[in-house]
Number of protein chains: 2
Amino acid sequence: MITIYDLAKKTGFSSTTVSKALNNYPDVSKKTRQAILDTAAEMGYLPNAHAQSLSTKKSWTIGVMFSEDNEIGMKHPFFSAVIESFRKQAEKEGYDLILASRNLRNRGSSYLEHFKYRGVDGIVVICSDPNDPQVQEMIDASIPIVVIDMSNQNCSVVFSDNLSGGALAINYLYSLGHTKIAHISGEPSIYAGQVRIQGYKDAMKKLKLPIIEGYLVNGGMFSIEEGAKAMDKLLDLKEPPTAIFVAGDHMAIGAMEAAKKRGYNIPDDLSIIGYDDIEMASYVTPKLTTIKQDTDAIGIRATQLLMKQIIQKKKIITEEIIPVELMERESCKRLKKK
Amino acid sequence: MITIYDLAKKTGFSSTTVSKALNNYPDVSKKTRQAILDTAAEMGYLPNAHAQSLSTKKSWTIGVMFSEDNEIGMKHPFFSAVIESFRKQAEKEGYDLILASRNLRNRGSSYLEHFKYRGVDGIVVICSDPNDPQVQEMIDASIPIVVIDMSNQNCSVVFSDNLSGGALAINYLYSLGHTKIAHISGEPSIYAGQVRIQGYKDAMKKLKLPIIEGYLVNGGMFSIEEGAKAMDKLLDLKEPPTAIFVAGDHMAIGAMEAAKKRGYNIPDDLSIIGYDDIEMASYVTPKLTTIKQDTDAIGIRATQLLMKQIIQKKKIITEEIIPVELMERESCKRLKKK
DNA sequence: CTCTTGATCGAAAGCGCTTTCGTTGATGTT
DNA sequence: AACATCAACGAAAGCGCTTTCGATCAAGAG
């Protein structure tokens, strides 16, 4: 490994001057700067990030963590899309992402501890569980942080407009003539799940539609299987709904499967609208009408918020709500009058 | 931030002894070790990774890079699944992953340079393009490296058994009575694409089946749209195939769409088999029969290979081929005799 | 010709940690 | 009593870089 001392020796300047030249300090003449830069290039010099960070207390890294109750980590399309957007954006600013574990060598440690150990400049967490103690710990710490997909009063958060999303869905179904509208919700202890439930209730109320007993069923952790189970429950009702707003595309797809299995035709017998707009939504049959989350915008906004905090060296508390969009496809249909 | 000097002052020992206690050196008595550990815990001491790395030349990080011609990065289910598996495994060994950019602050630099700058202990790259110069550069460097999804004579590689995968697919179609079997291939300059083509040809030859003119069509970069286009070409043939082996699930899904659009019924009129077994494969209609890549095993094997090189401090050149598996679902059917 | 100014450069300390090597004192040996 | 042995500890250098604070010297001011 070649160091600034090697460059110093080669060019005849001191290591101080070399360092200054490399860092564009004003007190080094054009000529010597150029000489140093040239031999640096020639010798293939690369700075040592660890030494730099040790000296400057800045690592140009951002720690990313997702709460993985569901154990699927990066495999969830929503998560990975958001992170990918975030990564691209952070890259432009010169930051690398570090995916940290809870496992500080042998000794198990918290994510916060791990991030402190790594000396990250900021943290981004994708978490839907507002009560995750690990996340709380990070929020309460002084490191710049932005959390995605949940709300919190003590830090920067960015998430989709789940409330309007619910309204969008319900109003759309209503516009198709549906009144018996059910909701397969996500786990209410998950932020997104809870708010979408609220969106459903609010929208129903505003339309003066009754929420019939049994129409609000908890689909749990947003999986396909749970969506199917929830659908079964709805279909077991004496008076099944004609339309269903499902809080996640995976669940919606599971729900469609379950309905089809019982002989229902979608959208003829049953309209279904999902949430997320994962890739799969466009390719199932029928193509799933859904509320699209703007993962790009979420990642971009999150990066901006984090950068701002890093630069200003103070945490800013704010809530960024990213608009959602109705993706009209094939799984919903105008209710036939009987 | 609290340092070993703080611990030293507090406990009355030297920083040397503190460091040794923390690192389980033998020449420190049980009693003082315990005392030091206790006050470390009490004061909330955390080591500084940068200082540690600077001193030891070991960073406990692994750089990950994916070649992103297709610009989808982590959003591809195969990539993200492999990385997720890799991450879990590496975590057990105490390593963090760092997703590096090409952008070393302002100055654009190569991935290799960036990884050197970061002082990673090893590199994992997911790359299908055997000619990517960036990847070549890394392979030729002395840093431990493992590359996934392509072959190379100069480093450790792990990839699926694409050859057998092709045979599996063809033999399966043949067992259903198909003889007019086409192949929608991936871009031949992509390793996986090329080998699957070979697998197709070999298997056809072994079965003494002719590859009719026009039956081998290049589907390009594995996207849904390109799959659809490729299917159109096949269907334009005077003598269209009765079965198609498609080199990727996305393309296969696109192909099915295109066929359906032209009035074909799958699998009645046309059998289709894909490659990858992405999640979507199980939920399109008909459910896609496909060759499953074992992403978990790939990630695990890659981690092991990388660890071994890091520990032995020498690169090992080897090829790990991970078995694939036929997932029989609904998109293939026995050929009706006319 | 002396003094100030400003442009360039360097010495040295410091960032937090590891590791070599030496010191000290206690214990056991003969 | 003199010696070797060993366990426990610390001084100090080094990892590669940044940054403060002076030092130096030439040019311009008076």
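The basis for the numbers below is simple: all heavy atoms, side chains too, and nothing from hydrogens, waters or symmetry mates. Numbered from 1 within each chain, the chains take letters A, B, ... in sequence-line order.
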Mark yes or no for whether B:Thr39, through its side chain, and B:Glu42, through its backbone, hold a donor-acceptor pair below 3.5 Å.
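Looks like no, no N/O pair under 3.5 Å.
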[N] OP1/OP2 closer than 4.0 Å to side-chain N/O of [X]:
| X | N | value |
| --- | --- | --- |
| A:Gln52 | D:dG16 | no |
| B:Thr56 | C:dT19 | no |
| B:Lys57 | C:dT18 | no |
| A:Tyr25 | D:dT20 | no |
| A:Ser55 | C:dG14 | no |
| B:Asn48 | C:dC15 | no |

Where the side chain of [X] is defined as all heavy atoms beyond and including C-beta, which of [options] is the nearest nucleotide?
| X | options | value |
| --- | --- | --- |
| B:Ser29 | C:dC17, C:dC15, D:dA8 | D:dA8 |
| A:Thr32 | C:dC9, C:dG16, D:dC15 | C:dC9 |
| A:Ser14 | C:dG10, D:dT19, D:dC17 | C:dG10 |
| B:Val28 | D:dT19, D:dG16, D:dC9 | D:dC9 |
| B:Thr17 | C:dG16, D:dC9, C:dC9 | D:dC9 |

Any N or O donor-acceptor pair under 3.5 Å from the base of C:dC9 to the side chain of A:Asp27?
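Counting by modelled atom types and ignoring angles, a donor-acceptor contact under 3.5 Å is found here.
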Considering only heavy atoms and no angle criterion, is a donor-acceptor pair shorter than 3.5 Å present between the side chain of B:Tyr5 and the base of C:dC17?
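Side chain to base: pair found, below 3.5 Å.
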Got a salt bridge between A:Glu84 and A:Arg87, using NZ or NE/NH1/NH2 to carboxylate O under 4.0 Å?
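Looking at A:Arg87 together with A:Glu84, the answer is yes, because their closest N to O distance falls below 4.0 Å.
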Spacing of B:Lys20 atom NZ relative to D:dA12 atom C1', expressed in whole Å:
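Going from B:Lys20 (NZ) to D:dA12 (C1'), I get 12 Å.
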Taking for each residue the nucleotide of DNA chain C bearing the nearest heavy atom, is the 5' side occupied by A:Lys30 or by B:Leu54?
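That would be A:Lys30.
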